[in-house]
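Here is the structure we will look at, set down as structure tokens.
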Number of protein chains: 2
Amino acid sequence: MAVQQPTIYDVARRAGVAPSTVSRAFGRPERVGARTREQVLAAAKELGYVPNPHARALQTGRHRTIAMVISDIANPHFFELIRGAEQRAKAAENTLVIVNAEESPTIERDQINGLLRSVDGFILAASRLPDDDLRALASKHHVVLVDRELAPLPSVAMDTGSGCRQILEHFASLGHEEFTYCAGPPGSWMGAARWAALKAGAEEHGLRARRVGPYTPTVANGGAAADGALRSGTTALVAHNDLLAIGIMRRLADRGVRVPADISVLGFDDIFAAELVQPTLTTLGGPDAHAGRLAVELLLDLLKAPHGHHVGDDGESPHRIRLPTSLVLRESSGPAARPAPAP
Amino acid sequence: MAVQQPTIYDVARRAGVAPSTVSRAFGRPERVGARTREQVLAAAKELGYVPNPHARALQTGRHRTIAMVISDIANPHFFELIRGAEQRAKAAENTLVIVNAEESPTIERDQINGLLRSVDGFILAASRLPDDDLRALASKHHVVLVDRELAPLPSVAMDTGSGCRQILEHFASLGHEEFTYCAGPPGSWMGAARWAALKAGAEEHGLRARRVGPYTPTVANGGAAADGALRSGTTALVAHNDLLAIGIMRRLADRGVRVPADISVLGFDDIFAAELVQPTLTTLGGPDAHAGRLAVELLLDLLKAPHGHHVGDDGESPHRIRLPTSLVLRESSGPAARPAPAP
DNA sequence: GCAACTTTGGCAACCGATTGCCTTTGTTTC
DNA sequence: GAAACAAAGGCAATCGGTTGCCAAAGTTGC
């Protein structure tokens with residue numbers, strides 16, 4: 001258990017060369033003779049030598065590791081994001097470590113602080129940190145945002161504007177005259193953006209927008225959200241995300257409200273459970289895996305860039321990427337009931 | 001971006017003391033005077049000093065970090081495990097990093113190798129690595145297994161034996177005379193253990209056991225599994241896990257087979273989607289979060305133990321923990337149909 | 001055959017912490 | 001007031017790599 005690992009010094013002795021030669025045999029192959037290099041490599045293999053990344057990082061400042069901080073790892077929405085990010089990181093020979101913030105800014109901060117010196121950069125997915133914290137962090141470290149935008153940080157997010165327009169058109173074409181938005185946590189930038197877009201576009205689609213909440217977006221909290229929304233006597237409901245939407249549908253079923261006959265329910269993210277539930281859930285999804293890949297790519301670009309060079313300074317594209325979304329029509333949305341059912 | 005961080009030398013200069021004093025002010029408070037310590041702490045705070053964990057690890061050999069390698073991070077079964085492990089790790093002031101093995105032994109090995117020198121130990125959840133690899137790893141590092149057992153490594157797993165007995169009793173009491181097991185991936189120890197337990201106990205419950213597969217346990221693969229099982233004209237079906245079971249139910253519904261009227265379907269793990277699907281899924285669940293906590297605890301014990309001291313040597317309890325499971329009865333299981341429906 | 005150059009390998013400083021050992025200073029004891 | 005001891009802080013070695021610089025050896029050109 002936890003036996004002493006061989007070092008370059010062990011390898012050097014075995015190969016009959018100096019430690020520096022061993023180091024170069026790995027990192028600067030052109031700086032050593034071909035024969036010597038082979039001997040070193042052979043000795044290393046025999047001994048089972050594995051370089052110590054931290055001793056190296058101490059000198060070079062590079063860890064070849066990037067951290068992905070997820071606001072809630074239990075949310076399936078992040079699966080594909082993680083998978084995409086992992087693939088891209090591996091292709092660049094970087095390790096991706098994933099840490100969970102459990103929807104708490106405090107925990108998120110702690111997790112980040114704990115990794116500050118261990119990783120080359122951070123990808124923050126749906127960060128709940130205040131803007132100022134984010135800017136402060138970004139002034140000292142490489143940071144890429146996912147599901148959030150904040151100038152001048154590079155970010156990858158779904159195109160909320162066009163996505164919400166699709167939702168509004170969907171509602172309008174089905175004859176709805178209003179809808180209720182069940183809000184997510186106050187710290188969610190995405191949540192705020194969704195509501196802003198829905199509210200802003202409502203009027204031109206002839207819709208009235210209402211909001212209830214905030215709710216922590218879990219299936220369990222759907223009950224409260226459903227009750228809150230029912231009181232408003234609405235015909236259409238948009239939930240902060242699919243998890244909350246699913247919880248809402250369960251509660252509606254329990255209360256004898258039919259979906260979509262009495263009320264239409266929409267979610268965001270298109271998680272895999274959206275098509276497992278009964279009725280299946282209409283939801284606005286996007287290319288999550290692609291978002292993960294792009295986030296890693298942005299971060300790798302940042303790492304390559306000279307220090308202190310802020311992207312977007314010189315009129316070059318500001319690396320604020322918006323990905324197209326698509327409304328996946330399923331069974332939970334349909335023509336407006338009228339008049340709205342009494343609670 | 002990635003600006004130079006202050007070191008103990010900066011803090012030392014600022015506080016007017018030697019670097020060693022700064023180090024002790026943090027790590028050995030009793031070795032410095034109260035006044036000096038305050039000055040150092042103040043200077044550190046002003047400068048925003050954060051200790052470099054790797055420079056420290058270089059000297060001490062401890063990283064205060066543990067790695068959790070998950071065979072498939074997209075499987076909701078691991079949510080609670082991760083959450084429990086995280087909580088326990090945090091309580092002990094350790095960072096938990098999560099890495100994904102994507103159901104591949106090769107990737108799992110690579111991920112582990114990449115972290116060998118960066119963490120104090122590994123928790124391998126549902127490892128797909130061969131026994132020999134695991135033993136070799138454990139001879140050089142601290143390793144705790146989850147959802148797998150292999151002497152003499154410490155492990156945490158659900159009690160398959162008693163769990164499967166519950167399933168068999170359930171089937172027998174509902175009048176089933178046989179059942180089909182839809183197997184998971186060949187590398188899954190848990191899968192093998194489940195089948196072994198089901199098969200071993202079948203006879204004494206008057207049941208015939210059959211097996212089809214293997215299948216990669218995802219919802220998408222449920223189609224193939226359902227077709228495979230249907231051919232055998234069975235009345236009861238046990239899937240490797242809930243994901244596969246859900247996929248199976250979808251396919252059965254598409255083919256017009258009624259659950260549970262025509263066929264009962266059971267899963268393992270009790271993931272959150274199990275009660276979202278229609279019909280809701282009967283499944284064998286366990287205390288996942290608790291398993292996560294225990295795994296971290298075992299690992300922390302290992303780290304404290306003197307090197308080379310193998311647990312279980314001296315007759316002390318061998319740290320092979322089995323957690324009680326419980327069969328969660330839902331709608332997907334019911335009395336046997338007879339005769340079995342033609343395919 | 002010698003100067004100039006290139007290739008190859010070694011020496012030693014360095015990254016940022018920790019820690020054994022020593023020195024200085026202060027306190028206690030008789 | 002001197003001896004004995006404890007407390008507090010500093011010096012320097014160390015962990016495992018990387019890298020600038022130098023020296024030795026081998027090449028090339030004339």
Euclidean distance, atom [atom1] of residue [X] to atom [atom2] of [N] [Å, nearest integer]:
{"X": "A:Arg56", "N": "C:dA17", "atom1": "CZ", "atom2": "C1'", "answer": "20 Å"}
{"X": "B:Glu38", "N": "D:dA8", "atom1": "CD", "atom2": "C1'", "answer": "16 Å"}
{"X": "B:His54", "N": "D:dT18", "atom1": "NE2", "atom2": "C1'", "answer": "17 Å"}
{"X": "A:Ile8", "N": "C:dC15", "atom1": "CD1", "atom2": "P", "answer": "17 Å"}
{"X": "A:Asp10", "N": "D:dG16", "atom1": "CG", "atom2": "P", "answer": "8 Å"}
{"X": "B:Asn52", "N": "C:dC15", "atom1": "CG", "atom2": "C1'", "answer": "9 Å"}
{"X": "B:Phe26", "N": "C:dA17", "atom1": "CZ", "atom2": "P", "answer": "9 Å"}

Residues within residues 13-24 of chain B bordering DNA chain D, heavy-atom distance below 4.0 Å: B:Val17, B:Ala18, B:Ser20, B:Thr21, B:Arg24
Interface with DNA chain D, restricted to residues 57-66 of chain B and to heavy atoms under 4.0 Å: B:Leu58, B:Gln59
Heavy-atom pair of closest approach, residues B:Leu96 and B:Ala85: CD2-CB, 3.9 Å
Listed nucleotide nearest any side-chain atom of A:Arg31, set D:dG17, C:dT8, C:dA17: C:dT8
Donor-acceptor contact present, side-chain B:Arg88 to main-chain B:Glu297, <3.5 Å: no
Polar contact flag, side-chain donor to acceptor under 3.5 angstrom, A:His319-A:Asp301: no
Residue mapping more 5' on DNA chain D - nearest nucleotide basis, B:Arg117 or B:Arg35: B:Arg35
Criterion salt bridge (Lys or Arg N to Asp or Glu O under 4.0 Å) on A:Glu102 and B:Arg83, from CA distance to verdict: CA-CA 9 Å; A:Glu102 298 180 40; B:Arg83 194 168 287 182; 5.5 Å; no
Short side-chain N/O contact to D:dT18 OP1/OP2 from A:Tyr9, under 4.0 Å: no
Presence of B:Arg28 side-chain N/O under 4.0 Å of D:dA8 phosphate oxygens OP1/OP2: no
Touch class at under 4.0 angstrom, heavy-atom based, for B:Pro53 against every strand present: nothing
Pairs where residues 103-113 of chain B contributes a residue and the test side-chain hydrogen bond (donor to acceptor under 3.5 Å, both in side chains) is met, not counting sequence neighbours: B:Glu103-B:Arg128, B:Glu108-B:Ser127, B:Arg109-B:Asp133
Residue pair B:Leu137 / B:Leu116, side-chain heavy-atom distance below 4.5 Å: yes
